Amino acid sequence: MSANPTDRSFLRMALGHPAFVTGFVLSAFFVILALVSFAWTPFDPTKLDIASKLKTPSLDHWFGKDHFGRDMFSMIMVGARVSIAVAFVAVGVGMLLGVPLGLYAAAHRGSLIDEFIMRGNDLVFAFPSLLLAIMITAVFGPGAVNAIIAIGIFNIPVFARLARGAALSLWTRDYILAARVAGKGRARISAEHILPNIANLLIVQGTIQFSLAILAEAALAYVGLGAQPPLPSWGRMLADAQTLISLAPHMALFPGFAIIITVLGLNLMGDGLRDLFDPKLRRGRG
Amino acid sequence: MTAYLLRRFLSLSLSLVAASLVIFLVMEVVPGDPASFMMGINADPAAVVALRTQLGLDDPLPLRYLSWVAGLLQGDFGVSYTYRVPVSELISERVAISLPLTLYALALSTLIAFPAGILAAAKRNSAADVSVMGATQLGVAIPNFWFAMILVLVFAINLRWFSAGGFPGWEAGFWPAIKALTLPAIALALPQASILARVMRSSLIDTLDEDFMRTARAKGLSRGQALRRHALRNALIPVLTIIGLQFSFLLAGGIIIENVFYLPGLGRLVFQAITQRDLIVVRSVVILLVFAVIVVTFLVDLAYAAADPRLRRRRA
Amino acid sequence: MNGLSISNLRVDIHGKTVLHDIDLELEPGKILGVVGESGSGKSMTALSVMQLLPRGSQWTGRLEVAGNDLATMDEPALCQMRGRDVGMIFQEPMTALNPVRTIGDQVAETVMVHTAAGRREALAIARTMLDRVGLPEDRFPLDRFPHDLSGGQRQRVVIAQAIALRPKILIADEPTTALDVTTQAQILDLLRELVHEQDMGLMLITHDLAVVAGLADRIAIMKDGAVVEAGPTRKIFEGMQHPYTRALLEASAHAPERRRRAEPQQVPVLSVSDVVRDYQQPRRNLFVRPPPFRAVDHVGFEIFHGENVGLVGESGCGKSTLARAILALDPLQGGEIKLNGHVFSSAGDGPHPELRARMQVVFQDPYGSFNPRHRVKRLVTEPFHLMKDRPQGIDLERRIDRALTEVGLSSADADKYIHEFSGGQRQRIAIARALIIEPALIVLDEAVSALDVSIRAQVLDLLADLSDRLDLSYLFISHDLSVVRAITDRVLVMKDGRIVEEGDTETVFHNPQHPYTQTLVAATPSLEAALAESAG
Amino acid sequence: AKMDATIGMQLEPPNLDPTGGAAAAIDEVVYANVFEGLTRFGADGSILPALAESWEISDDGLTYTFNLREGVKFHDGSDFNADDVKFSLDRARADDSTNAQKALFADIASVDVVDPATVKVTLSKPNGSFLFNTAWGDAVIVAPETAADNAAKPVGTGPFSFGEWVKGDRVDLVRNPDYWGEAVRLDKVTFKFISDPTAAFAAMMAGDLDAFPVFPAPENLVQFEADPRFSVIIGSTEGETILAMNNKKAPLDNIKVRQAITHAIDRQAIIDGAMFGYGTPIGTHFAPHNPAYVDLTAQSAYDPEQAKALLAEAGVSDLTLTLKLPPPSYARRGGEIIAAQLREVGIATEITNVEWAQWLEDVFKAKNFDLTIVSHTEPMDIGIYGREDYYFQYGDADFKAIMADLANATDPAKRTELMQAAQKKIADDYVNGYLFQLARTGVADAKLKGLWPNSPTQANDMTGVYWEE
Ligand SMILES: Nc1ncnc2c1ncn2[C@@H]1O[C@H](COP(=O)(O)OP(=O)(O)OP(=O)(O)O)[C@@H](O)[C@H]1O
Ligand SMILES: Nc1ncnc2c1ncn2[C@@H]1O[C@H](COP(=O)(O)OP(=O)(O)OP(=O)(O)O)[C@@H](O)[C@H]1O
Ligand SMILES: [Mg+2]
Ligand SMILES: [Mg+2]
């Protein structure tokens, strides 16, 4: 865990790691697509043209058209925006709430609050996640924001647990004792010494959760509980494509590939980061 | 160890109580009235009121919670609003599909994952490792409902090797039933197998790096012997955790797959019950699933103890 | 020849040469000591003989075991050789055994891999072997698991499985480094007996000259992947041909020069009276809470201004626990600790910052003592947190500078990260961190145990020098008697949480009163004694 | 020949008692198959005698005397007679009745048993559609002994008796050997519930199903048409699909705004886009196949310019409306298209997809919506426009008067005239946007004959179904 992502040799090593580079390029591709979509899409993704529905891919419409005659490529671009935004915020929520909880629990190991936090985590873990997400969206209604809440809730215990476990092992380190001898309190030690040293782990887990969140968003959208039309969403595009799969396979294939490639990219990147951060694999450095 | 297990069991039971409260309250705030749903769009308001009374929906909240819990404790899950049959009957019919499906998928995923993970770990960084890991990356990335759609397209619609879904019932015989569960099980197993293979690999690699593996080699065991006799059992512990998690995930997580293959399983029962506001079914099934998760977690703890003698003494 | 012969061995790992021009010979019934500092290539030499070099290694030269040329043997033949012709013992007994299999199984496995013996027969052999290494049937049945055993007992199991088939050669890579001195003495005795009894050749690897001095027939000194000097033990010590050998010897016996003696005063810097520390034990059963484990049991002593006090005792006797209590990191279950006459306790928010600033600490592990993400500058100034008006700007620079130069580093080091330093340098930085706030007392918990002898000597010199110049008091905790002896005025001997003997360092070591102190002193390998013997 | 048939249905009935639930799926399984009423719907929507062989209506239109069929037995072996009729009708109109269509029986003053084969029903006021009402599934005749258990184990007088219900999967019906009427030609009928349209498609393609009378995905019909194994049966339903507007909520309380919305809608695009071409455009709330239907589509023809002008006239700009869409694909897809069309004339929409339960709560009960899309599948349901607090909140006094006249009218010509007046009235008031009449899009094995092409009521009448050699 001694890797320091800011230094030069880290960058050099990262560039020499094929999985990381592939993952990074793939995920970056979709992030860029999403960003570009704010400024430009080849066609208006909300513009219907029923007469040309289900058109197969062509030079004009690279990914063909959907059942309303909308340009699939443009929809996938805007859909990337939704997927990425939902996943990003959901994971962010999970981290923002989960990490402090985990750090707090670790700092007060064995206390009632620790016990309470951990049991709360058990509870969330014990719930069938997709079901609870469905219930949450049933309570609050479908929509991107509620999808975020539903996915975010399950990220809280993931990060709380991870942060607690990693923090506990750091609390026994001598440099933490040294900080205590220097009179620092638990909160300050958590912020100053623990958090930066578990950041790598959190980043790695973050990318993995990010990819899981994209899959979860797709699943929710697929059952109709994600972002609402006219905002395109990959999961809903798949749901729309479902009955047409034998008639217009392109409608199912492209959004499917978009999901697979993004998730694959994120996972490869996460794995790559894990390797890069792992001191066991780093030679010639402290 | 027994003390540890007992404590764990107690705290898990507490979770169960908390879960029952959460689930009850969530279902209470879900908008939508089961009675109006059942009576439909042109229903007479008086008829709806009559039905509400008949279903006991107008009783005070705490009373309904307590009577539900009291019922649960006696194994009485109540009567479904929509189906008007005992929930336990509904559940047992559905479990007869979901449970075998889960076990089938789990067996498939284990059968694929173990050899793949072991191969990849034993031949670390070889072409075999790289391709197994590449395949698992892909397996994790494919949304299972999409995969299911493709399976149906290829194997049911085009090749017609399997029926597109449905379940003939166990009374139709073992093989027809298994055949009906095969495509769904494959769709469910693919991502799970990928995850499991990855865990198996990394856990095994960690174990292979342990000092005692070097000791074993120094005794004259070949690489393969050392792996079989010393690494596998030690590597199994994290794998067990994942299998436990997967079991619970699959039991409830089959909703979408059950929909694609129109299997009358537990997941679809709750999903449908949610849309029909059959609160009593939703509550009972969810609490049952939570219970299953808890039992499985507990069993995994026991399995740990079996796999690792250190735990029989110490607390984990 | 029936033993081991290494000639011209060269090993490269990922293109980096880690061993070159190694020539070693070992005959049956003899002991070859291989000595060298960390990273000198001792383990790689041993692993070459076992043909268990890490991935990416390549070797050239000639390796012969019991007359077989290893270069000509394929993997199955090598498997046949390992365990039957050569046995090996590793350093870390805690992890060298498979935790999920019984000790009987693991010893019997050696037999079953190499002979046609059935399980029952193999277990019988395992039984004899365990008896032989001092693990008798009644206390150590075959079905015990490694986690039930202490480090020394585990090391015996490892030895039993290594010698189960009476190999011609036994390689022991730092077999006692992780063990207490008394246990170390027992294991070394056992090894010596086995060599003579079974006519084995033993290659004993260690970084401690004293360990091999009284044991080995021949010694090879290694440095930077090469053997710098080799020969019969006596000749090595007499000749001291190579400057490195000499340096090593001197460092091992090093005692820093002390100029000043402490004078007792009215108010001791530290006064510990009747301190008790308990650890809660995990429940065995839901309803009965086991009594707490008493790690420190009514301990009392004082440290005066400028005085260096040593605390010795075996692993687990409670030294670190006491240190943590003194530092007010953990609550006490009894007694009182006073610093400069003021109560020093962890209750509430802990001691007042000004008081806390009077006592600092240096820990054992030079790698775990620093947050890897901070620069040295920030690391050493951490105690300034305790000051009301913290030094700023130029003043701050000056103090960092002074602290670093004080410990023999340069001001340029302030901007580096901790991974850019060696173990010894890190320990210096730890001392700088303790010094920067100008405390009256520094607690050093095994502060030099993880360092190589030559670096240890430097750090000890530094500590002695600082104590003289800055009027510091030390509480110096170590399990290594020779180190304590070199630097302290007074010593406390601890056993099972109690102080069993206390007195002037020289007096205690020359004339130990308590039986425990006596065993401790006797078990400590002594270079002096070995040299005296070889000279005589 | 094959003696059984497996019929696909999208929704599973929540229970099997047509007198105790509103779900269309109940009737789709049991109507005419398990249960029968005094009268029944024919395949063309005409009213035919069923358990009543014949009837006399008094001149004042207040007394109906039904002559019951004799020798009829319930599936449990008990005899059917006038007492059962009295029991059934009284039960349906009782105060604590949970009959979803209680209004059907509202006009009944009393039911009297004349003799075991004769029942006299007295109305409190003349009701021109009483015989139509008794044909509904909610008015079937049940036996007092078994009525309470019909939800799980229905017992009726029909040609099929209940076999087994594997919940979540299927209901089996088996031939009733003691049936009073013409013997049916199938031994067993299985209704299989497949809610997912893709799964339905796959199941048909894979041969798991013999027919899917209301196939949920019109987009797949092209493929069935191209395949000689299947025949595609297109018919009409009673489902008027409308864009319902909240008539009391500003600015939709302004007729100009409502009119603007109707002009903004391109019906054909919706039919093509959402229903893949299946459906008949309508201009009012009335089934086009009904002889009394008037084609008023021109009155709300697609004309975005006029829509914009009307909005300007009404003085609304920057209009944002909520559009709540229930699950069926006509609503979800149609909603997306309508949203796009409204956007063209400057009306923004906020789409929310809701489940039925939520729709009922939010839209139907709480009237918390601006726009919604729903298909009204009950036959002859224009009367809902007379209901004051019905969800779209119309309840115009003139319209109510027309309805009152209609209720009293028995003369067919007069009735037609009144019905047409009612159609015109709601079209003139632009109460809702009238989109299209839902088509009945069925698929069946090419050899399976005798299925109803149309849906005069929600039913899968299996009486005349057989396999062609
Ligand atoms: N797996 C490895 N890969 C690459 N280099 C290694 C590996 N293991 C050891 N080395 C290098 O080989 C050299 C010799 O290491 P070796 O382990 O033999 O030292 P040693 O004398 O046993 O030290 P110690 O006393 O710390 O055990 C060192 O420079 C070390 O960095
Ligand atoms: N956190 C803890 N909980 C319970 N028991 C503990 C804990 N820490 C230490 N002990 C026990 O207290 C005793 C004293 O431990 P301590 O670490 O003080 O020993 P030590 O003398 O410093 O040993 P070493 O030389 O190995 O560092 C040991 O038996 C140890 O097992
Ligand atoms: Mg070594
Ligand atoms: Mg210690």
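Being a predicted model, the structure only gives us computed values, none of them experimental. Throughout, protein chains are lettered first and strands after them, A, B, ... in sequence-line order, and every chain is numbered starting at 1.
- When all heavy atoms are compared, the tightest approach of C:Glu382 to A:Lys184 is OE2-NZ, 2.9 Å.
- Atom-to-atom distance recorded for A:Asn200:CG and C:Arg373:CZ is 4.5 Å, nearest 0.5 angstrom.
- Every residue meeting the side-chain contact (heavy atoms from CB on, under 4.5 Å) condition with C:Asp365, not counting sequence neighbours, appears here in chain and number order: A:Asp174, C:Tyr367.
- Counting non-hydrogen atoms of neighbouring residues, nucleotides and ligands closer than 6.0 angstrom, the CZ atom of A:Arg109 reaches no more than 12 such neighbours.
- Interface residue C:Leu329: backbone and side-chain heavy atoms are both found under 4.5 Å from chain A.
- The nearest pair of heavy atoms linking C:Phe370 to A:Tyr175 is O-CD2, 3.2 Å.
- Counting heavy-atom neighbours within 6.0 Å of C:Tyr279 OH, excluding the residue itself, gives a total above 12.
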Quiz item: Could you go step by step and tell me if C:His385 and A:Glu192 meet the side-chain hydrogen bond (donor to acceptor under 3.5 Å, both in side chains) rule?
Solution: CA-CA 13 Å; C:His385 181 73; A:Glu192 207 167 284; over 6 Å; no
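- Within 6.0 Å of CZ in C:Phe421 there are more than 12 heavy atoms belonging to other residues, nucleotides or ligands.
- Both the backbone and the side chain of A:Leu177 come within contact range of chain C, judged by heavy atoms closer than 4.5 Å.
- Heavy atoms only, all atoms of each residue included: C:Leu386 and A:Ala182 are closest at CG-O, 3.2 Å.
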Residues 148-159 of chain A, side-chain donor-acceptor partners within the protein, below 3.5 Å, at least two apart:
residue, atom, partner, partner atom, Å
A:Asn155, OD1, A:Gln209, NE2, 2.6
A:Asn155, ND2, A:Ile151, O, 3.3

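- Counting heavy atoms from C-beta on, the side chains of C:Pro383 and A:Val181 never come closer than 4.5 Å.
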